[in-house]
Amino acid sequence: MAILVQKFGGTSVADAEKILAAARRAIRAKNQGYQVVMVVSAMGHTTDELIALAKQITEHPPARELDMLMATGEQVSVALMAMAINSLGHDAISLAGAQLGIVTDSTFTKARIRSIDAERIRQLLNQGKIVIAAGFQGVDPAFNITTLGRGGSDTTAVALAAALQAEFCEIYTDVDGVYTTDPRIVPEARQLKRISYDEMLELASAGAAVMHNRSIEFAKRFGVPVHVRSSFSDRPGTLITSEPESVARPVCGAALARNEARVTVLGVPDRPGMVYAIFSKVAARNVAMDMIVQNMAADGRADVSFTVPRDELAHALRAAEEAARELGAEGTSYEDDVAKVSIVGLGMANQPGVAQKMFSAVAEKGINIEMISTSQIKISIVVERQYGVEALRAVHQAFALHEEVPEGELPPAGKPRPILTPEILERLRGMEDLVIEDIRLDETQSRVTLVDIPDRPGLAAKLFGQVARAGVNVDMIVQSVGREGRASITFTVPRGDLERCLQVARDFAREVGGAPPIGSWNVAKLMVAGTGMRSHSDVARRSFKALAEKGINVDMISTSEVCLNIVVDGARGQEAYQALEQEFADVRL
């Protein structure tokens, strides 16, 4: 009999009436022939209220005791849900994290799942019971109660669906599904019928808040189809699976992250190990970096920029200042009032001109771009916070994301789910371990760098419009703004197009009043792709460390949720590739 996992968030179980409504959904699924596991969050704002209560006792509650306290919220919900189902004439049983067989590490308040022994759940399902599982929690090897951090109930639901090889994992929430962007900001935003795992991961990291990235990482790794649906209607919702909604459209969605800050280390000596030194300092303070951009050096020095959540700026800035002093860099700068706008889509990898179209849409609104980072399926820009919403709306309109996808554009059915061996099913060891799926070396590209150009609206749109008209396809783009309102833009193009592109760049530099472009025919682009790239922030640090130990200098960096792109001197491409393969051998798929 097929198993169905249903997850109900806090708003979906906020009171007795909603608990009973959720209970009826589970009963309906059971009557349709499914064995049903319900994963339930704490009611309403219970978790926030428990944290506030703890802080009335002490401003710094011990993490272990905070987990003990927070876990009670879900235990209340599962008990009430089991009572509701029993009152409606069906058999149900509630289980806390330890009773579910969920074993985590001992990182209190943000634990990772290490394994799930699903045998007890299977036995209860075979007895005809609806199993009510407490989300957000587990137990460590020493039997301490742990909680999984933000989005923990989503993570519990998808992890259980993987362990049980469920047919679907339904995520019931207060929205109808995944939209092309936040409909509260862009009213014409359209609900997606389907979205791929990688697209959902990128949107989640870019600011979309429908689901947490850890749960999507689970779904991708174990091939779990996830269905995001409304608790309050029977609308179809959005299916998250291996295939996108459209194979023809380059962009599936856009997102806005408002509370961002940008830090730049200025004038970093251009020699091996410098980038690793910077990010080691930042990582040591447990600061979550997002966009990482390094531009090609001018006069032997480079600028390295990265974005962090605004509330972590002080820690990041101290780390950057410490690194700058030790490395002999020229200093640091920061901005605490920026926003990040991103577009995402599997289709953009095969369609030229996507970046230029995005830049033009923003330029037409007179909005200046402060940073650019591109990857295979995401383009992100940083703008002043006050222009974030306007930029998002402009981009959404430019790509006509409000328009429905014709049936003819829908791709074929998704790839078959991976077969989980009995050994994996028995314990599912290391469920949240980092997995590196691919490391690639591209030795077909060259690089163009423009330095000391004026920083003003429309610059990137103008440059890449001229490059496109010259018939040159651009791959990787990074832009950062340095000192005194001057910017640098570096991008890669096919080697055969370098001379043509350099001529365009020379004309552009003369026109805008910048320095002559710098070209390099022989560069190597390395890509490290995997699952868990964001939740395992160590990937960038390990990559830079591996290259530094070989004395290999990093010329360009761009990051995304599913991959890290690094450009090095072409003569050392093979050596760099081998260094990364060796570094990640322990987590290679």
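Along the sequence shown, residues are numbered consecutively beginning with 1. All heavy atoms count here, side chains included; hydrogens, waters and symmetry mates do not.
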*Test side-chain contact (heavy atoms from CB on, under 4.5 Å) on L401 and V251 and set out the steps.*
CA-CA 8 Å; L401 296 179; V251 176; 3.9 Å; yes

*Taking the side chain as every heavy atom from C-beta outward, state whether P457 and I367 have any pair of such atoms under 4.5 Å apart.*
no

*Would R24 and L88 count as a side-chain contact (heavy atoms from CB on, under 4.5 Å) if you check the C-alpha gap in whole Å, the side-chain angles of each, and the deciding distance to 0.1 Å?*
CA-CA 8 Å; R24 293 187 189 98; L88 294 171; 3.9 Å; yes

_For a quick test of reading the model, state the closest non-hydrogen atom pair linking R194 to P244 and the distance between them._
NE-O, 3.4 Å

_Just verifying a value: how many Å separate L392 CG and K340 NZ, rounded to the nearest 0.5 Å?_
12.5 Å

_salt_bridge(E370, R262) N-O dist < 4.0 Å_ = yes

*Output all residues satisfying ring pair (Phe, Tyr, Trp, His ring centres under 6.0 Å) with Y172, sequence neighbours left out; order by chain, then residue number.*
F8

*asked:* Check whether Y197 reaches the backbone of V224 with its side chain - one donor and one acceptor, N or O, closer than 3.5 Å.
replied: yes

*Look at the side chain of Q351 and the backbone N and O of A248, then say whether any donor-acceptor pair between them is shorter than 3.5 Å.*
yes

*Nearest heavy-atom pair of V341 and G388: which atoms, and what distance?*
CG2-O, 3.8 Å

*Side chains of I185 and R258: does their closest heavy-atom pair fall under 4.5 Å?*
yes

*Can you tell me how far CG of D442 sits from NZ of K525, rounded to the nearest 0.5 angstrom?*
6.5 Å

*Within a reach of under 6.0 Å around NZ of K18, are more than 12 heavy atoms found that belong to other residues, nucleotides or ligands?*
yes

*Euclidean distance, T155 OG1 relative to L148 CG, rounded to 0.5 Å*: 6.0 Å

*Flag the pair V567 / Q445 as yes when at least one side-chain heavy-atom distance between them is below 4.5 Å, and no otherwise.*
no

*Are the side chains of R440 and L526 in touch, meaning some heavy atoms are under 4.5 Å apart?*
no

*asked:* Could you check whether E364 and S360, counting side-chain N and O atoms only, form a donor-acceptor pair closer than 3.5 Å?
replied: no

*asked:* With a 6.0 Å cut-off on the ring centroids, do F491 and F464 count as close?
replied: yes

*Separation between CD of E49 and CE of M43, rounded to the nearest 0.5 Å*: 10.0 Å

*Please check if any side-chain donor atom of R235 sits under 3.5 Å from a side-chain acceptor atom of Q191, or the reverse.*
yes

_Any donor-acceptor pair under 3.5 Å from T147 side chain to F136 backbone_ = no

_F232, CZ: over 12 other non-hydrogen atoms inside 6.0 angstrom_ = yes

*Determine the minimum heavy-atom distance between F218 and V158, stating which atoms define it.*
CB-CG1, 3.6 Å

*asked:* One pair to check against side chain to side chain donor-acceptor pair (under 3.5 Å): N368 and D455. What are the steps and the verdict?
replied: CA-CA 8 Å; N368 193 34; D455 176 38; 3.0 Å; yes

*Is there a side-chain contact between L463 and L450, using heavy atoms and a 4.5 Å cut-off?*
yes

*Pair D311-N259, side-chain donor/acceptor within less than 3.5 Å*: no

*Above 12 or not: heavy atoms from other molecules or residues under 6.0 Å from CZ of R190?*
yes

*asked:* Within the 3.5 Å criterion, strictly below it, is a donor on H396 or T180 matched to an acceptor on the partner's side chain?
replied: yes

*So, do V338 and E335 sit near enough that their side-chain heavy atoms are less than 4.5 Å apart?*
yes

*asked:* For a 4.5 angstrom cut-off between non-hydrogen side-chain atoms, does T156 reach I102?
replied: yes

*For a side chain to side chain contact (heavy atoms under 4.5 Å, CB included) with L201, tell me which candidate from I377, I216, I240 qualifies.*
I216

_Test item: S12 side-chain N/O and S231 main-chain N/O as donor-acceptor pair under 3.5 Å_ = no

*asked:* Please evaluate residues K365 and E390 with respect to the criterion salt bridge (Lys or Arg N to Asp or Glu O under 4.0 Å), reporting the C-alpha separation (whole Å), side-chain torsions for both, the decisive distance (0.1 Å), and the verdict.
replied: CA-CA 8 Å; K365 299 296 182 180; E390 187 178 6; 5.1 Å; no

*Is the side chain of E167 donor-acceptor paired with the backbone N or O of A2 at a distance under 3.5 Å, no angle test?*
no

*Test item: T307 side-chain N/O and M291 main-chain N/O as donor-acceptor pair under 3.5 Å*: yes

*Is the backbone N or O of S41 less than 3.5 Å from a side-chain atom of S77, with the two atoms forming a donor-acceptor pair by type?*
yes

*asked:* Looking at every heavy atom in both A26 and V36, which two are closest together, and how far apart are they?
replied: O-CG2, 3.8 Å

*Kindly compute the distance separating CE (M348) from CZ (F399), expressed to the nearest 0.5 Å.*
7.0 Å

*Steps toward side-chain contact (heavy atoms from CB on, under 4.5 Å) verdict (K462, F508)*: CA-CA 8 Å; K462 185 181 185 69; F508 173 82; 3.9 Å; yes

*Can you tell me if S480 and S305 form a side-chain donor-acceptor pair at under 3.5 Å?*
no

*Answer yes or no: is there a side-chain heavy-atom contact under 4.5 Å between S233 and D176?*
yes

*T490 side chain vs V478 backbone, donor-acceptor pair below 3.5 Å*: no

*State whether K193 and E404 are salt-bridged, where the test is any N-O pair (Lys NZ or Arg NE/NH1/NH2 against Asp/Glu carboxylate O) under 4.0 Å.*
yes

*Between OG1 of T109 and CD1 of I51, what distance do you get to the nearest 0.5 Å?*
9.0 Å

*asked:* To check you understand the geometry: which heavy-atom pair defines the closest contact between A470 and V504, and what is its length?
replied: CB-CG2, 3.7 Å

_Taking NE2 in H45 as the centre, count heavy atoms belonging to other residues, nucleotides or ligands within less than 6.0 Å. Is the count above 12?_
no

*Step-by-step side-chain contact (heavy atoms from CB on, under 4.5 Å) determination, R249 to E403*: CA-CA 11 Å; R249 297 190 178 187; E403 294 181 0; 4.2 Å; yes

*Judged by modelled atom types alone, do E199 and S196 share a side-chain donor-acceptor pair under 3.5 Å?*
yes

*asked:* Show the nearest heavy-atom pair for residues Q6 and A29, with the distance to one decimal.
replied: NE2-CB, 3.9 Å

